[in-house]
Amino acid sequence: MSQPSRLLIVDDDPDLRELLSDYLSRQGMAVVAVGDGEAMNRILAEQTFDILILDLMLPGTDGLTLCRDLRSRSGIPILMLTARGDELDRIIGLEMGADDYLPKPFNPRELLARVRSILRRVEERRDGSALRALQFADWRLELGAQHLVDREGVVTPLSGGEFKLMQALAENSQRVMSRDQLMEAMNGKEAGPFDRTVDVMIGRLRRRLGDDAREPLLIKTIRSGGYMLACEVVSVR
């Protein structure tokens, strides 16, 4: 029998923590909930989780800073919650490394659907790509571990969204991928007319790869087309 998915909720609203803990536990998930970043870091040092649900507005260190710091050392999927639903907050959250974004107030069933979607994508990668890697330029994309490795062996963790985007580009190297195609690869949905998620993620990947955004050599912008990984990719085991 498979183990239940483990979720860590970080939110300073005790009523919301209790509501989400009860609801997600009834869905067969193992849930731990804490109220701030200090408690989050303590428990992450002791336990492992399949997904982190992180509130943007927290006492002490805010959720954006916690997200950025955590992403620098871990690829754990992060679903960010916020009481503000404007586009700027969402873009900043994605830039800091969040995999998905849900504005408050929300229906717990929508949160559950997003959690399951993220977990399903993670499980698909584990099942189908544990021993595979994609080699390009001076980089290797480890499909099982979901991170980048440079020629010196230095590991660069990727968020779930970054990984899915990099994988889509690498598996379609030297072919133009539209924003809709890339959005579908990341989140299973098409990009809206004003949705900048793909552009934000591309900027993050370029920084990871040391690719100059003004004159990129690896991930090129194709006017009126989308993006393309402009180098040969070799599948290795």
Side-chain angles (χ1 to χ4, degrees), residues 1-86 88-123 125-126 145-147 155-164 187 200 204:
M1 185 173 180
S2 61
Q3 295 294 316
S5 298
R6 291 179 52 78
L7 280 66
L8 175 60
I9 298 171
V10 186
D11 195 294
D12 65 336
D13 183 338
D15 293 334
L16 182 61
R17 290 201 305 272
E18 182 177 3
L19 184 153
L20 293 181
S21 295
D22 290 346
Y23 178 74
L24 294 171
S25 295
R26 290 198 302 272
Q27 307 306 315
M29 299 180 182
V31 183
V32 175
V34 298
D36 57 36
E38 185 176 347
M40 179 197 82
N41 286 325
R42 281 200 306 271
I43 200 161
L44 283 176
E46 301 169 354
Q47 303 181 37
T48 59
F49 294 89
D50 298 299
I51 187 170
L52 171 65
I53 300 173
L54 178 63
D55 187 29
L56 179 69
M57 305 297 292
L58 290 171
T61 306
D62 63 83
L64 289 176
T65 302
L66 292 170
C67 180
R68 181 193 61 202
D69 293 345
L70 183 59
R71 183 56 70 231
S72 69
R73 64 182 189 273
S74 171
I76 183 175
I78 300 173
L79 173 59
M80 184 163 283
L81 307 178
T82 177
R84 301 198 301 264
D86 60 80
L88 179 60
D89 284 339
R90 179 171 59 81
I91 289 172
I92 292 174
L94 292 171
E95 286 178 335
M96 293 299 183
D99 294 272
D100 204 352
Y101 178 98
L102 188 61
K104 297 176 181 179
F106 55 84
N107 188 313
R109 286 181 294 181
E110 181 179 1
L111 175 69
L112 175 63
R114 292 183 184 233
V115 166
R116 283 176 169 168
S117 178
I118 291 172
L119 293 173
R120 185 166 56 249
R121 294 198 299 269
V122 170
E123 191 60 34
R125 293 198 293 272
R126 288 174 180 166
Q146 304 167 31
H147 58 221
V155 172
T156 298
L158 298 175
S159 71
E162 289 173 333
F163 174 80
K164 290 296 288 184
N187 295 320
V200 170
R204 279 169 46 187

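Sequence positions, counted from 1, serve as the residue numbers for this chain. Nothing here was measured: the structure is a model prediction, and the numbers come from that model. Because only heavy atoms are used, hydrogens play no part in the values below, and waters and symmetry mates are left out as well, while side chains stay in.
The shortest heavy-atom contact between S21 and V31 is OG-CG1, 3.8 Å.
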Query raised in the report: For L111 and L81, what are the C-alpha separation, side-chain angles and deciding distance, and is it a side-chain contact (heavy atoms from CB on, under 4.5 Å)?
Result: CA-CA 10 Å; L111 175 69; L81 307 178; 4.3 Å; yes

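At least one donor-acceptor pair under 3.5 Å links the side chain of R17 to the backbone N or O of D11. Between the R71 side chain and the A98 main chain, no donor and acceptor come within less than 3.5 Å of each other.
The CD1 atom of I76 sits 8.0 Å away from atom CD1 of I51, with the distance rounded to the nearest 0.5 Å. With rounding to the nearest 0.5 angstrom, the CD atom of E38 is 5.0 Å from the CZ atom of R42. Atom CD1 of I9 sits about 10.0 Å away from atom CZ of F49, to the nearest 0.5 Å. The line from OG1 of T82 to CZ of F106 is 11.0 Å long, rounded to the nearest 0.5 Å. In this structure, CZ on R114 lies 14.5 Å from CZ on R109, to the nearest 0.5 angstrom. Atoms CD1 and CG, from I118 and L79 in turn, are 5.0 Å apart once rounded to the nearest 0.5 Å.
Heavy atoms from other residues, nucleotides or ligands lying under 6.0 Å from CD of E18 number 12 at most.
With no hydrogens or angles considered, no side-chain donor-acceptor pair links D22 and S25 at under 3.5 Å.
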